[in-house]
Amino acid sequence: MADAKTDRRVRRTKALLLQGLMQLMETKDVKDISVKELSDLADINRGTFYLHYSDVYDMLAQLEDELFLEFHGIIDRTLKPDTPVHASRATLLEIFSFLERHRAVVRAMIGPHGDLAFVNRLKNLVKERLDSIFTARQADSDGCYMEAFAVSGCTGVIETWLSQPDAPSPEAMADVCTRILERGLGMD
C-alpha cells in the first residue's frame, strides 16, 4: 500500500515539474532555467527535484528518452520498408495521436526556446526510417533529395499544427498528410 502511495506522489511531483518546465520553456531557453526557479514554480522543494534529476538538462534528457521510446515504438510497429504509401495513414494517425497526447511537451521542445537536439533527434529518426524505405524500394539518385524534402516537410507540418490554437484533430492531419504523400503538392 505504501508503494502505491509513493508511486503516486512521485508521478505527481514529476508531472508538476514537467508542467513547470514546459511553462518556463515557452519564454526562456533551457540554459536560462534554474532548478530553484523550476522548483518554486512547481511548488516543490529543491531537494525533492534532486531526488529525481541531477539538473534541468538531466530532466530534459529523461523526458526526451521517454518520448523517443514511445515514438520509436510507433515507427517500428507501423512503418516498415515495404509499407505501401496508401497504408501510411495508419502510421500518420498514430504519430499525430502521439503528438496530441504530448502536445505541450513537443510544442515546447520544438518551439523557439526548445531543444535543438530534440528536433535533430526527431529528424534523424524519420530520416533513418525513410532511408530504409527508399533502399527497399530502390529509389533513384534523387532519393536523398526526396528524403530531405520529406523530413523537413514533416517537421514543418508538425510545428505548424502544434502552433495552431484550434488545431485539426489527429485524424484530419493524418488525412491531410496522406493526401500530400499520395498526390504530391499538386503544383502542376
Inset, instruction - Check whether the side chains of Asp58 and Gln62 place a donor and an acceptor atom closer than 3.5 Å, and report yes or no. - result: yes
Legend entry - Criterion side chain to side chain contact (heavy atoms under 4.5 Å, CB included) on Val30 and His113, from CA distance to verdict: CA-CA 7 Å; Val30 174; His113 300 285; over 6 Å; no
Legend entry - Interatomic spacing from CG in Leu18 to OG1 in Thr13 - rounded to 0.5 Å: 12.5 Å
Inset, instruction - State, with a plain yes or no, whether a side-chain heavy atom of Arg103 is found less than 4.5 Å away from one of Glu100. - result: yes
Legend entry - Intermediate values then yes/no, ring-ring contact (aromatic ring centres under 6.0 Å, His included), Tyr145 and Phe149: CA-CA 6 Å; Tyr145 301 110; Phe149 187 83; over 10 Å; no
Donor-acceptor list for residues 38-47 side chains, cut-off 3.5 Å, not counting sequence neighbours:
unit_1	atom_1	unit_2	atom_2	d
Ser39	OG	Val35	O	2.8
Asp40	OD2	Lys36	NZ	2.9
Asn45	OD1	Gly47	N	2.6

Legend entry - Non-hydrogen side-chain atoms of Met22 and Val106 separated by less than 4.5 Å: no
Inset, instruction - Enter the distance from Ser152:OG to Lys127:NZ here, rounded to the nearest 0.5 Å. - result: 11.5 Å
Legend entry - Between CG on residue Asp76 and CG on residue Leu125, distance to nearest 0.5 Å: 8.0 Å
Legend entry - Nearest-0.5 Å distance, CD1 of residue Ile95 to SG of residue Cys154: 7.5 Å
Legend entry - Distance (rounded to the nearest 0.5 Å) between Leu21 CG and Met59 CE: 4.5 Å
Legend entry - Distance-minimising heavy-atom pair for Glu37 and Asp32: OE1-O, 3.7 Å
Inset, instruction - Might you confirm whether atom CZ of Arg77 has over 12 heavy atoms from other residues, nucleotides or ligands at distances under 6.0 Å? - result: yes
Inset, instruction - Look only at the side chain of Asp29 and the backbone of Lys31, and say whether a donor-acceptor pair between them is shorter than 3.5 Å. - result: no
Inset, instruction - Go through the structure and list residues passing ring pair (Phe, Tyr, Trp, His ring centres under 6.0 Å) with Phe98, not counting sequence neighbours. - result: Phe71, His102
Inset, instruction - Determine which pairs satisfy ring-ring contact (aromatic ring centres under 6.0 Å, His included) with at least one residue from residues 152-172, sequence neighbours left out, and list them in order. - result: Phe96-Trp161
Inset, instruction - Check side chain to side chain contact (heavy atoms under 4.5 Å, CB included) between Glu159 and all other residues, then give those that pass, not counting sequence neighbours. - result: Ile110, Thr155
Legend entry - Asn124 side chain vs Asn120 backbone, donor-acceptor pair below 3.5 Å: yes
Inset, instruction - List for me each residue that meets side chain to side chain contact (heavy atoms under 4.5 Å, CB included) alongside Asp65, sequence neighbours excluded, and say none if there are none. - result: Arg121
Legend entry - Transitive ILVMFWY side-chain link Met25 to Ile158, under 4.5 Å: yes
Legend entry - side chain to side chain donor-acceptor pair (under 3.5 Å) contacts touching residues 14-25 (sequence neighbours left out): none
Legend entry - Pair Met109-Leu60, side chain to side chain contact (heavy atoms under 4.5 Å, CB included): steps then yes or no: CA-CA 9 Å; Met109 297 288 227; Leu60 196 59; 3.4 Å; yes
Legend entry - Value rounded to 0.5 Å, distance of CD in Glu64 from CG in Leu69: 13.5 Å
Inset, instruction - Report yes or no: do Met173 and Leu93 belong to one cluster of Ile/Leu/Val/Met/Phe/Trp/Tyr joined by side chain heavy-atom distances under 4.5 Å? - result: no
Inset, instruction - Just do the side chain to side chain contact (heavy atoms under 4.5 Å, CB included) check on Leu67 and Phe118 with the steps written out, would you? - result: CA-CA 10 Å; Leu67 288 172; Phe118 175 82; 4.0 Å; yes
